[in-house]
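Contents: one structure, followed by commentary.
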Amino acid sequence: MVSKRLPIDVDICGVHWKNRVTTASGTFAVQKRSRFYDPSQLGCITTKGVSPEPWPGNAQPRVAETYGGMLNAIGLENPGVDSYLEGDLPQLKRRGAVVMANIVGHAAEEYCAVAEKLAGSAVDLLELNISCPNVKEGGIAFGTDAKTAAALTARVKRAAGEKPVIVKLSPNVTDITEIADAVVDAGADGLSLINTLIGMRIDLKTGEPILANKTGGLSGPAIHPVAVRMVYEVRRKLPRVPIIGMGGVMTGADAYELLLAGADAIAVGTAALADPLAPVRVAAELEAYLSKNE
Ligand SMILES: Cc1cc2nc3c(=O)[nH]c(=O)nc-3n(C[C@H](O)[C@H](O)[C@H](O)COP(=O)(O)O)c2cc1C
């Protein structure tokens, strides 16, 4: 086996993680999950997308099963940044967790409003979800155009004060390295990849899409090879930028594969929806891989 000599812990944009595992945004509900394990056992807890005002999310049905994964069109339902600052964030910090807040918006001003509020908070890192539709530009996702993605990154960086900004890339693009390069040039301190791939399923009885939103984001083991390929490509283009790899990590072996592709840390998402303990299990399994190679 090819070995990669890496310590168990890691520094991501100047923030120390005790191990290389975080939760993928949207898959760790603070109240529910904290009952299963102590959140400080992971290198970092990445929380679900937070917007300036509460977002209600999409109509039901919002999830559909697929081979090797699932489709979701939750629509980034969340109670807004003020509620986050009063609830989830202090709760996680009290328990000693490193916290990365995922930021969403429908316009640059919305992202900046959240970043400004979080700049003065106890949050450790910001993760900018650029897969949201840009309402002012006909609903095309910020993350699918290099110029738009770079402009958003630069504005959020200014709003974020001292907080490191990690840009979470969309895989729904022809060349992910072009977007990665543009956002790093615009000031991104690190990158997360990948977000979900756009998919659709059709109900054979009605002939209509299963999801009320028609399309949804594909996640889970089915997308793991896409994540490995994209992390590998971005790492080759940008040898030094911190990268958090994600997409279908079910085991320590999957996590280690993303590290071999060039990631510094990894996130566990869909696996935790079936087994809430998946992130801590993956951390232990990854530790065994890394210890073998010391
Ligand atoms: C139910 C669900 C909710 C999600 N919510 C968010 C979110 O709020 N912000 C975000 O950037 N990504 C969100 N994602 C994407 C995940 O963080 C992750 O990038 C993706 O699912 C790939 O990892 P996985 O295959 O391990 O789930 C969500 C994914 C799922 C399945």
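From a predicted model like this one, the values you see are computed outputs, not experimental measurements. In each ligand, atom 1 is the first atom listed, and ligand 1 is the first ligand listed. Atom set for the values below is all heavy atoms of this structure, side chains included, hydrogens, waters and symmetry mates excluded.
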Would you check the N or O atoms of K48, main chain and side chain alike, for any that come under 3.5 Å of an N or O of ligand 1? no

Could you tell me which atoms of ligand 1, counted from 1 in the order shown, lie closer than 4.0 angstrom to a heavy atom of T196? 20 (C), 21 (O)

Show your working on salt bridge (Lys or Arg N to Asp or Glu O under 4.0 Å) between K117 and D82 and close with a plain yes or no. CA-CA 8 Å; K117 286 202 169 165; D82 292 333; 2.9 Å; yes

In terms of heavy-atom contacts, N195 and S131 come closest through ND2-OG, 3.4 Å

Closest to atom 14 (N) of ligand 1 (judged by heavy-atom distance), picking from P279, G26, S25: S25

Is any N or O atom of T270, backbone or side chain, closer than 3.5 Å to an N or O atom of ligand 1? yes

Atom 30 (C) of ligand 1: closest protein heavy atom, distance to 0.1 Å, is N72 ND2, 3.3 Å

Please could you name the atoms of ligand 1 that G49 approaches to less than 4.0 Å, counting only its heavy atoms? 7 (C), 8 (O)

Option whose closest heavy atom lies nearest to atom 10 (C) of ligand 1, chosen from N129, V104, L76: N129

Look at atom 21 (O) of ligand 1 and say which protein heavy atom is nearest, naming residue and atom and giving the distance to 0.1 Å. S219 CB, 3.3 Å

Side chain to side chain contact (heavy atoms under 4.5 Å, CB included), paired with Y84, selected from V123, V114, N78: V123

Is there side-chain contact between L286 and L259, with heavy atoms separated by less than 4.5 Å? yes

Answer yes or no: is there a donor N or O on one side and an acceptor on the other, between the side chain of D189 and the main chain of I166, under 3.5 Å? no

Is a side-chain donor or acceptor of N19 paired with a backbone partner of Q41 at a separation under 3.5 angstrom? yes

Minimum non-hydrogen distance to atom 24 (P) of ligand 1, winning option of G248, G75, A272: G248

Check whether any side-chain N or O of H224 sits under 3.5 Å from a backbone N or O of G247 as a donor-acceptor pair, and report yes or no. yes

With heavy atoms of G269 as the reference, note each atom of ligand 1 found under 4.0 Å away. 26 (O), 27 (O)

Would you mind telling me if ligand 1 is within reach of the side chain of N102, the backbone, both or neither, using heavy atoms under 4.0 Å? side chain

At less than 4.0 angstrom from any non-hydrogen atom of M246, what atoms of ligand 1 do you find? 19 (O)

State whether K237 and E178 are salt-bridged, where the test is any N-O pair (Lys NZ or Arg NE/NH1/NH2 against Asp/Glu carboxylate O) under 4.0 Å. no

Under 4.0 Å, counting heavy atoms only: does I194 come that close to any atom of ligand 1? yes

Can you tell me the protein heavy atom closest to atom 15 (C) of ligand 1 and the distance? N195 OD1, 3.4 Å

Value rounded to 0.5 Å, distance of CD in E208 from CG in D203: 8.5 Å

Residue, atom and distance of the protein heavy atom nearest atom 18 (C) of ligand 1 read K168 NZ, 3.7 Å

Do R20 and L6 touch side chain to side chain, with heavy atoms closer than 4.5 Å? yes

Suppose I only count heavy atoms of G247 and a 4.0 Å limit; which atoms of ligand 1 are within that range? 22 (C), 23 (O), 25 (O)

